[in-house]
Protein chains: 2
Amino acid sequence: MTDETTYSISDLSQEFDITTRSIRFYEDQGLLSPQRRGQTRIYSRQDRVRLKLILRGKRLGFSLNECRELLELYDHTTSGSEMQLQLLLTRITERRAVLEQQLKDIELMQRELDSVEQRCREELQERHGQATKDSVA
Amino acid sequence: MTDETTYSISDLSQEFDITTRSIRFYEDQGLLSPQRRGQTRIYSRQDRVRLKLILRGKRLGFSLNECRELLELYDHTTSGSEMQLQLLLTRITERRAVLEQQLKDIELMQRELDSVEQRCREELQERHGQATKDSVA
DNA sequence: ATACATATTTACGTTTACGTAAACATACAT
DNA sequence: ATGTATGTTTACGTAAACGTAAATATGTAT
């Protein structure tokens, strides 16, 4: 039951709202390697998943090199030697640490936005006399 | 009770493990504006807080321009006109959306790391016969 | 067959976020 | 006074992540 679903480069660029240039660049950097029919690139469902992972990494501020490392974590799960598997566990731990720092950063930033928003609303209320409060029931 | 605590540029570069070049660059880009004693820069506690916020933004993949916008959200809380305050609330909402997307991305990525780690451990167990299991009590 | 859209390669350009080096000023210790 | 450390400005360099343009190929509709 090999899934034969494929995508063109413009399919993917439209779906994910990126340029074809970017997709080819990711291939250049070794993050993708679609099949070819003649010259044209044919992307499999796996390729599409990889692209999704790349973009997710980018949204978290990871460089393309870091994204590639993440993809390699996936690929090499069963392949490498024992030492490589141990090393892989180490990389996973490192990655986790970064993610948890980001979680903390997000929480702090959310609280700061809360406080700015509140100060902002208070200021608006003062200017409005005391009309249009906070839509309290 | 004005807090007179100040920092030199190298104080801050050491504390946050960045180069003095970076700190001056942030000033160049309008993210910092320390006082001067003659030529040398004197950083206040407020400046230090701003630097902290900048670095937090960077860890979340924000550009320096975005970091500056975040700082401006802070600064203009009570200053602007009503329209500017409304606009500020809009910007806050936008920022929140980005943060929530990042939260989702982090959760997904954590789960993926979980699954990679598990596959990796299983593979290691097979190679070890069934020795050194998962240190179960 | 021809037009037209889509895809490809090649290569130079651009922005961001600094690194690095040079040349000079300031301050403090000895 | 002379190092030595720290700080400053100025300016050129660089890596990452694409943008953009040009020239060419391929496929598809009519």
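Note that the structure is a prediction, hence the values are computed from the model and not measured. To find a chain, count down the sequence lines: A is the first, B the second, and so on, and within it residues start at 1.
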A.B. asks: With sequence neighbours left out, what residues match A/R24 under side-chain contact (heavy atoms from CB on, under 4.5 Å)?
C.D. replies: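 For A/R24 the side-chain contact (heavy atoms from CB on, under 4.5 Å) partners, ignoring immediate neighbours, are A/I9, A/T20, A/R41.
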A.B. asks: Could you pull out all residues at least two apart from B/S8 that satisfy side-chain contact (heavy atoms from CB on, under 4.5 Å)?
C.D. replies: B/S10, B/D11
A.B. asks: Over how many whole Å does the gap from A/I18 atom CD1 to D/dG19 atom C1' extend?
C.D. replies: 14 Å
A.B. asks: Provide a list of protein-nucleic acid N or O atom pairs under 3.5 angstrom, restricted to nucleotides 14-17 of chain C.
C.D. replies:
unit_1: C/dA17; atom_1: OP1; unit_2: B/L64; atom_2: N; d: 2.7
unit_1: C/dA17; atom_1: O3'; unit_2: B/K58; atom_2: NZ; d: 3.4

A.B. asks: In residues 6-17 of chain A, which residues come under 4.0 Å of DNA chain C by heavy atom?
C.D. replies: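 Nucleic-acid contacts, sorted: A/S8, A/I9, A/S10.
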A.B. asks: Just checking, A/R50 and A/Y74: is the charged tip under 6.0 Å from the six-membered ring centre and within 45° of the axis?
C.D. replies: no
A.B. asks: Of the nucleotides D/dC18, D/dT9, C/dG19, which one has an atom closest to the side chain of A/R21?
C.D. replies: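 Side chain of A/R21 sits closest to D/dC18.
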A.B. asks: Write down the protein N/O and nucleotide N/O pairs, taken from nucleotides 25-29 of chain D, whose separation is under 3.5 Å; answer none if there are no such pairs.
C.D. replies:
none

A.B. asks: Do B/R68 side-chain atoms and B/Q29 backbone N/O form a donor-acceptor pair below 3.5 Å?
C.D. replies: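 A pair under 3.5 Å: yes.
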A.B. asks: Please check this pair: side chain of A/E82 against backbone of B/L124, looking for a donor-acceptor N/O pair closer than 3.5 Å.
C.D. replies: no
A.B. asks: Nearest whole Å is fine: how far is D/dG7 C1' from B/I23 CD1?
C.D. replies: 12 Å
A.B. asks: So, does A/R24 get its side chain near the phosphate of C/dT8, meaning an N or O under 4.0 Å from OP1 or OP2?
C.D. replies: yes
A.B. asks: With A/E123, which of A/R127, A/R119, A/R121 fulfils salt bridge (Lys or Arg N to Asp or Glu O under 4.0 Å)?
C.D. replies: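 Among A/R127, A/R119, A/R121, the one meeting salt bridge (Lys or Arg N to Asp or Glu O under 4.0 Å) with A/E123 is A/R127.
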A.B. asks: Report the distance from atom CG of A/D28 to atom C1' of C/dT8, rounded to the nearest whole Å.
C.D. replies: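 Atom-to-atom, A/D28 to C/dT8, this comes out as 12 Å.
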A.B. asks: Which residues satisfy the side-chain contact (heavy atoms from CB on, under 4.5 Å) test with B/Q118, sequence neighbours excluded?
C.D. replies: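 B/Q118 satisfies side-chain contact (heavy atoms from CB on, under 4.5 Å) with B/E122 once adjacent residues are dropped.
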A.B. asks: Does B/E94 have more than 12 heavy atoms from other residues, nucleotides or ligands lying within 6.0 Å of its CD?
C.D. replies: yes
A.B. asks: Give a yes or no on this: more than 12 heavy atoms of other residues, nucleotides or ligands lie within 6.0 Å of atom CZ of B/R111.
C.D. replies: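 No, because the 6.0 Å sphere around CZ of B/R111 holds 12 heavy atoms or fewer from other groups.
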A.B. asks: Counting only heavy atoms not in B/D17, do more than 12 fall under 6.0 Å of its CG?
C.D. replies: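 Incorrect, the count does not exceed 12.
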A.B. asks: Please report the distance, rounded to the nearest Å, between CD in A/Q35 and P in C/dA7.
C.D. replies: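 Rounding to the nearest Å, CD of A/Q35 and P of C/dA7 are 17 Å apart.
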A.B. asks: Just how far, in rounded Å, is P of D/dC18 from CD of A/E27?
C.D. replies: 15 Å
A.B. asks: Say whether, by atom type as modelled, one donor and one acceptor occur between the side chain of B/E117 and the main chain of B/D114 under 3.5 angstrom.
C.D. replies: no
A.B. asks: Output the rounded distance in Å from CG (B/L51) to P (C/dC18).
C.D. replies: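 Value for this atom pair: 11 Å.
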